[in-house]
Protein chains: 2
Amino acid sequence: MFDVKVYTIGKRYNRVGRVWRALQHLLQAENADARGCAGAFLQHQKLATIEDVAAIAGVSIATVSRAINEPGKVADETRRRVTEAVAKTGYTTNAMARSLRMRRSNMILILAPDVGDPNFSNILVGLETEASKRGYGVLIGNTQNDATRETDYLRFISSNQADGLILFTGHLPYGFGNEAGESRLPPMVAVNEPVSDSDVPFVGVDNFEGSRVATEHLISQGHRRIAFIGHSTTKAVNMLRERGYRAALEGQAIAVDPRLILDGDGTTESGRAATEQMFVRDVLPTAFLCVNDATALGVIISLNARKYDLPRQFSVMGFDDISFASFVTPSLTTMKQPRLKIGEEAMDLLLALLAGKTPEKKEVLLRSELIVRNSVSRIGRE
Amino acid sequence: MFDVKVYTIGKRYNRVGRVWRALQHLLQAENADARGCAGAFLQHQKLATIEDVAAIAGVSIATVSRAINEPGKVADETRRRVTEAVAKTGYTTNAMARSLRMRRSNMILILAPDVGDPNFSNILVGLETEASKRGYGVLIGNTQNDATRETDYLRFISSNQADGLILFTGHLPYGFGNEAGESRLPPMVAVNEPVSDSDVPFVGVDNFEGSRVATEHLISQGHRRIAFIGHSTTKAVNMLRERGYRAALEGQAIAVDPRLILDGDGTTESGRAATEQMFVRDVLPTAFLCVNDATALGVIISLNARKYDLPRQFSVMGFDDISFASFVTPSLTTMKQPRLKIGEEAMDLLLALLAGKTPEKKEVLLRSELIVRNSVSRIGRE
DNA sequence: ATCAAACATGAAAACCTTTACATCGTTAGG
DNA sequence: CCTAACGATGTAAAGGTTTTCATGTTTGAT
């Protein structure tokens, strides 16, 4: 009994305090107005709160909240008054309070080893576009493959500042699963590279298929001795692209010559080194299929340095279609990754996960597109 | 009197509620533990709160907060107990609650017309690195020069989700100053392009000086007839670079030939168009100073198409040193923008503004660096 | 006319911190 | 011995939402 009474008085007290505060705000707002725009750069301006709006509209804050978030649930007339009050005060929901209450920040953290990577940026644009369209914000973390930084970024997750995670890194961030309390993985989606040894959903290009198409293009131009530059036993992407290459050759009943398959880690330097090695060994192809554009560039540089006339004497094909592919001489024939689309699909998938849906597939593979430029020619005299 | 009594009881009640809740959390945590890692992907896991920590350490939540944020203010023994409790629970401060209370989110919003722009990414890396080092997070907004999107991103500012703003856009975001309540500008710093008609602090490269150095380099190679490609009456960057070009010529007492100054908006296409125009008019320079690398690329493509031997017959110089500059044939001699440094300085300045400091300068200009490659040669027979 | 269901709104709890103020014990200075 | 100052800690308010539950009102069916 006593408790109940206390309660009631407590309520009253509280309510009065709120209204009073609301009035304070209004007064301050008017003052600020009178002062003109002088305080434009002032930092801790009092912004209008939901209470100010409620006071003006003559309703409770609950109603204001509903009018904004579930317009169908309030009477037309009330909604009109609230809308008007919002306009008058310039009210915007305080996202912090909202997130605190809803335990959801509507933010996505993107972890990438290097934001400057040309392969990265357009995927990022896609991610950002889709997120923004759906009312989410995008937080970026540039890890530079540094374990400390990766761990550090997890604070965004554990402190509720981000609801989900996009991984460009190809592995789970260090720092997950160390401490008992730390082991909580947020919903996440991998992009660019699949996360090894895990069931993290992946969105990316179909590397096997793309590489097969690329090889078939070379074959269609009459090439039979096609080198593959970029063999690797560790990089998943390289392995898939090599498999596509092999599949295409086998499909056309062309024997795979192991001397035409050279190691490479996907850097320009590795492309050049591999080419030089071929000349040293004197086992030459008529066409080079490179694991990516950067490698192809190395090959082209090496061939140009040896004064070969491209693409007459050698054809070179890349993969990815990164920005400089069209600027090299000869401009690079390659497979274009649908980066924008990859970003959009990945974000879409992540938001679905956040909404509690279980995706039907753990892997979304998009088609790459053959971009014909000038680095591949029909095989001629040679 | 009565009020006071009510108050006291209210407190007790509240306090009991808190402890009870804290115990609940602990129980749940143990349960979760017992269940193993099954709930790894579970979304709304209850995380440990400051109250759990307080309960375990046997202190009040205020003390926990102090132990974490102002370690000097609590006794050694207490601090030890709190630290231990934090470790045991895996507690992380809830950033939302913290931001709400402190009215500060420790987030910076970056507004850029196109995140994919090669000029952009390394500045972004610099911005991000510095922000992260100082405990700030970085939120990106890709506006695509769309007024609607720019306005839309302001919600991050007005909803307190970001404390400051980095502008790549060269203008204030649309939507500021429209409504009475909307006119509040957060602290901001411009980068890449200064914001016209405003006193927004700018961090960037010294375009005038850089362009002067570039021109002098061409002069030092014996060139006297130097074209400037990229004249503009609207773009501040173009205007500054043209002024640097003129200053260098005048410094060496070389007359400025207006027929050698051509319009250009900084795109590759504009570089090509300008070059073609020169051949049509038959007023030819020995060297092309281009307003940026993209323009230079257009010039090179055009000259290559006309089968000129570069750099023997024409020298071409760029500005920016974007990623493909070293891959073009001939590789591009250019002025390198210290992008990482620009990003770091800009973020440093913004954080200083946020801390309430008034910067001494409204403009931080960094030196660009001459990168000598193969597109410029000493003038020879011609 | 009666009752249930539907509808519109309000009250207050909950989300989790930080911090001004109060309290209490200890120490130093007079 | 008294007081002041100080150091360590606790109490509760404040920050601005969303949402459950309760309350009162209207509608519709019987």
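Each chain gets a letter, A, B and so on, in the order its sequence line appears, and its residues count up from 1. Just so it is clear, the values below take in all heavy atoms, side chains as well, and ignore hydrogens, waters and symmetry mates.
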Of all residues at least two apart in sequence or in a different chain, which pass the side-chain hydrogen bond (donor to acceptor under 3.5 Å, both in side chains) check with A:Thr83? none
A:Glu150: partners by side-chain hydrogen bond (donor to acceptor under 3.5 Å, both in side chains), with sequence neighbours left out: A:His171
Return yes if a side-chain donor-acceptor contact under 3.5 Å exists between A:Ser105 and A:Asp163, otherwise no. yes
Between the side chains of A:Glu51 and A:Thr49, is a donor N or O closer than 3.5 angstrom to an acceptor N or O? no
I'd like to check the salt bridge (Lys or Arg N to Asp or Glu O under 4.0 Å) partners of B:Arg101; sequence neighbours left out, ordered by chain and number. none
Going by side-chain contact (heavy atoms from CB on, under 4.5 Å), name the residues that satisfy it together with B:Ala131, two or more places apart in sequence or in a different chain. B:Tyr136, B:Val138, B:Met347
Contacts satisfying salt bridge (Lys or Arg N to Asp or Glu O under 4.0 Å) that involve residues 132-142 of chain A (not counting sequence neighbours) are A:Glu130-A:Lys133, A:Glu130-A:Arg134, A:Arg134-A:Asp348
Among D:dG15, C:dC16, D:dT17, the one nearest any side-chain atom of A:Asn94 is D:dT17
Whole-Å distance separating the [atom1] atom of [X] from the [atom2] atom of [N]:
| X | N | atom1 | atom2 | answer |
| --- | --- | --- | --- | --- |
| B:Glu51 | C:dT18 | CD | P | 12 Å |
| A:Asn69 | D:dG16 | CG | P | 17 Å |
| A:Leu47 | D:dG15 | CG | P | 13 Å |
| B:Met102 | D:dA14 | CE | C1' | 14 Å |
| A:Arg104 | C:dC16 | CZ | C1' | 18 Å |
| B:Glu70 | D:dT9 | CD | P | 13 Å |
| B:Ile50 | C:dT18 | CD1 | C1' | 8 Å |
| B:Asp52 | C:dC15 | CG | C1' | 14 Å |

Check nucleotides 22-26 of chain C for protein N or O atoms closer than 3.5 Å to its own N or O atoms and list the pairs.
none

With no angle test and no hydrogens, is the base of C:dT18 tied to the side chain of B:Arg101 by a donor-acceptor pair under 3.5 Å? yes
So which protein N/O to nucleotides 4-10 of chain C N/O distances come out below 3.5 Å?
unit_1, atom_1, unit_2, atom_2, d
C:dT9, OP1, A:Thr78, OG1, 2.3
C:dT9, OP2, A:Ala75, N, 2.9
C:dT9, OP2, A:Thr78, OG1, 3.4
C:dG10, OP2, A:Ser60, N, 2.8
C:dG10, OP2, A:Ser60, OG, 3.0
C:dG10, OP2, A:Thr63, OG1, 2.6
C:dG10, N7, A:Arg66, NH2, 2.9
C:dG10, O6, A:Arg66, NH1, 3.3

On the nucleotide D:dT18, are OP1 or OP2 found under 4.0 Å from the side-chain N or O atoms that A:Ser65 carries? yes
If you look only at distance, which donor and acceptor atoms sit under 3.5 Å apart when one is on a side chain in residues 61-71 of chain A and the other is two or more places apart or in another chain?
unit_1, atom_1, unit_2, atom_2, d
A:Thr63, OG1, A:Ser60, OG, 3.3
A:Ser65, OG, A:Asn69, ND2, 3.4
A:Asn69, OD1, A:Arg98, NH2, 3.4
A:Asn69, ND2, A:Ser65, O, 3.1

Please classify the nucleic acid contact of A:Thr93 as base, sugar-phosphate, or nothing, using heavy-atom distances under 4.0 Å. sugar-phosphate
Just jot down the ring-ring contact (aromatic ring centres under 6.0 Å, His included) partners of B:Phe168, sequence neighbours excluded, or say none. B:Phe120
